[in-house]
Amino acid sequence: MPEKQKKILLLSPYDTLSHQYWWKGLELHLSEYHWTILTLEPRYYSWRIRGNSLSWAFEKKEELEKDYDLLIACSLTDLSSLRGFIPKLASVPTIVYCHENQFFYPDSPSQTNQAHRLEQQMIQIYNFICADLILFNSAFNQQSCFEGIDNLIRKLPDHVPANLTQTLKSKSRVLPIPLNTVNLNPETSKSSIFSIVWNHRWEYDKGLTQLSALIDNIIENKLPCRIHLLGQQFRNTPEEMLNITEKIKSSGLAGHIGFVEN
């Protein structure tokens with residue numbers, strides 16, 4: 001008798017292109033499993049973090065109450081609340097995957113409410129407590145997250161669980177997101193011009209100050225290279241990114257400037 005196909009539920013509450021790349025890669029490389037993917041649009045960031053459990057519990061209740069062998073949730077999922085709305089999920093083995101963490105995520109120019117940031121950090125801690133396994137996309141993300149949790153715990157007045165950070169850290173691992181496909185053309189490697197690709201969203205949280213300093217260094221030292229600025233763009237592009245783009249173009253180092261879908 002053939003073995004029953006295992007069923008995996010994956011939750012991506014702020015489904016940007018990079019998060020899509022992550023779960024599509026899982027589907028591609030783990031095709032022997034049956035996947036149910038629930039996503040929410042990548043807009044209204046604060047509402048998505050606080051409201052995703054409410055949205056899914058009432059819009060996708062039937063799907064959430066099916067039988068699953070594994071639950072994989074992006075760390076932005078309000079997992080503890082979702083388990084309260086859908087108690088059946090509490091018994092499903094759970095992996096929480098961290099693309100970033102709320103303890104090292106830069107504030108937006110408009111974000112001044114520290115209580116709001118604290119709430120987002122507490123949601124992340126609750127998610128970790130719910131998880132059987134916590135995965136980070138980089139060692140830096142893992143380290144900065146647990147340092148942030150430690151710093152927060154020291155500020156809490158009382159009744160904090162003993163050794164909480166160490167308990168969470170002991171069930172965490174680093175698992176980077178692999179490239180799904182790599183097509184290399186040997187002819188392209190023979191050029192003396194070095195290509196630098198920057199493939200992040202054109203937003204404030206992507207290290208624009210560091211990028212600008214890097215470009216300045218390249219220009220000042222007359223390094224033979226082409227700089228390609230890829231990544232998704234939105235209606236409001238940061239002024240610093242516009243300055244970087246103009247700087248590259250005027251220096252003659254510009255390669256491809258703009259979003260590349262594939």
Side-chain angles (χ1 to χ4, degrees), residues 12 14-30 37 39 41-43 45 74-76 97-102 104-109 135-145 173-262:
S12 180
Y14 195 78
D15 203 40
T16 60
L17 291 178
S18 60
H19 291 198
Q20 291 173 29
Y21 187 90
W22 163 66
W23 62 256
K24 287 179 180 178
L26 290 176
E27 277 193 308
L28 175 67
H29 295 295
L30 301 172
I37 313 289
T39 66
E41 302 87 347
R43 56 176 183 254
Y45 183 77
C74 167
S75 61
L76 299 178
Y97 193 88
C98 297
H99 300 270
E100 63 277 306
N101 72 81
Q102 295 302 318
F104 201 78
Y105 203 86
D107 291 331
S108 70
L135 296 177
F136 292 87
N137 62 352
S138 70
F140 174 82
N141 191 16
Q142 181 190 45
Q143 179 182 345
S144 62
C145 183
R173 305 287 185 275
V174 174
L175 185 65
I177 299 173
L179 294 175
N180 292 336
T181 57
V182 180
N183 297 315
L184 297 178
N185 181 354
E187 296 301 317
T188 62
S189 64
K190 296 180 180 179
S191 172
S192 61
I193 302 296
F194 190 74
S195 281
I196 297 175
V197 176
W198 190 87
N199 66 333
H200 305 286
R201 285 181 284 109
W202 291 27
E203 291 193 292
Y204 75 94
D205 61 314
K206 295 304 178 184
L208 302 186
T209 300
Q210 294 92 326
L211 176 62
S212 182
L214 173 65
I215 301 303
D216 289 340
N217 191 283
I218 290 172
I219 294 172
E220 290 169 8
N221 289 280
K222 297 184 170 65
L223 300 180
C225 66
R226 285 284 178 271
I227 301 173
H228 310 274
L229 296 182
L230 315 183
Q232 193 176 16
Q233 301 164 54
F234 302 91
R235 285 180 297 178
N236 298 318
T237 299
E239 187 70 26
E240 193 169 12
M241 193 65 189
L242 296 176
N243 294 337
I244 289 170
T245 304
E246 184 57 38
K247 191 185 304 183
I248 293 173
K249 289 180 178 178
S250 62
S251 68
L253 299 178
H256 184 93
I257 305 295
F259 178 61
V260 174
E261 187 167 335
N262 191 334

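Atoms considered below: every heavy atom in the structure, side chains included; atoms not considered: hydrogens, waters and symmetry mates. The structure presented is a predicted model; accordingly, all values stated were derived computationally and were not measured.
- Shown here are the salt bridge (charged side-chain N to carboxylate O under 4.0 Å, His left out) partners of Lys24, two or more places apart in sequence or in another chain: there are none.
- For Ile257 against Ile227, the heavy-atom pair with the smallest separation is CD1-O, 4.1 Å.
- Shown here for Trp202 and Leu229, the closest heavy-atom pair between the two residues is CZ2-O, 3.8 Å.
- Between the CH2 atom in Trp198 and the CG atom in Leu211 there is a gap of 6.0 Å [rounded to 0.5 Å].
- Looking only at side-chain heavy atoms (C-beta outward), Gln102 and Leu76 come within less than 4.5 Å of each other.
- Evaluation of the side chain to side chain contact (heavy atoms under 4.5 Å, CB included) rule for Gln232 yields Leu17, Arg201, Phe234, Phe259 as partners, not counting sequence neighbours.
- Between His19 and His99, the ring-plane angle classifies as parallel under the 30° and 60° cut-offs.
- For Glu100, the salt bridge (charged side-chain N to carboxylate O under 4.0 Å, His left out) criterion is met by no residue, not counting sequence neighbours.
- Partners of Asn243 according to the side chain to side chain contact (heavy atoms under 4.5 Å, CB included) rule, which considers only residues two or more places apart in sequence or in another chain, are Glu239.
- The side chain to side chain contact (heavy atoms under 4.5 Å, CB included) test applied to Pro176 returns Val174, not counting sequence neighbours.
- Rounding to the nearest 0.5 Å places NE2 of His228 at 10.0 Å from CD1 of Ile248.
- Here the closest heavy-atom approach between residue Cys74 and residue Trp22 is recorded as N-CH2, 4.2 Å.
- Residues meeting the side chain to side chain contact (heavy atoms under 4.5 Å, CB included) test with Ser251, sequence neighbours left out: Ile219, Leu253.
- In this structure the side chain of Tyr14 reaches within 4.5 angstrom of the side chain of Pro42, judged on heavy atoms.
- Within a 6.0 Å radius of CG in Asn236, no more than 12 heavy atoms belonging to other residues, nucleotides or ligands are found.
- Note: Glu246 CD to Ile244 CD1 = 12.0 Å, rounded to the nearest 0.5 Å.
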Between Tyr97 and Asn137, does the side chain to side chain contact (heavy atoms under 4.5 Å, CB included) criterion hold? Intermediate values first, please. CA-CA 8 Å; Tyr97 193 88; Asn137 62 352; 3.2 Å; yes

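- In terms of heavy atoms, Pro178 sits closest to Tyr21 at O-CE2, 3.5 Å.
- Distance check: Asn141 CG to Leu135 CG gives 11.0 Å after rounding to the nearest 0.5 Å.
- Residue Glu240 holds its CD atom at 4.0 Å from OG1 of Thr209, rounded to the nearest 0.5 Å.
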Take Asp216 and Lys247 through the side chain to side chain contact (heavy atoms under 4.5 Å, CB included) test and state the conclusion after the steps. CA-CA 9 Å; Asp216 289 340; Lys247 191 185 304 183; 2.9 Å; yes

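- Here the straight-line distance linking atom NE2 of His200 with atom CE of Met241 works out to 9.5 Å at 0.5 Å rounding.
- With a 4.5 Å cut-off on side-chain heavy atoms, Ser75 and Asn101 do not count as touching.
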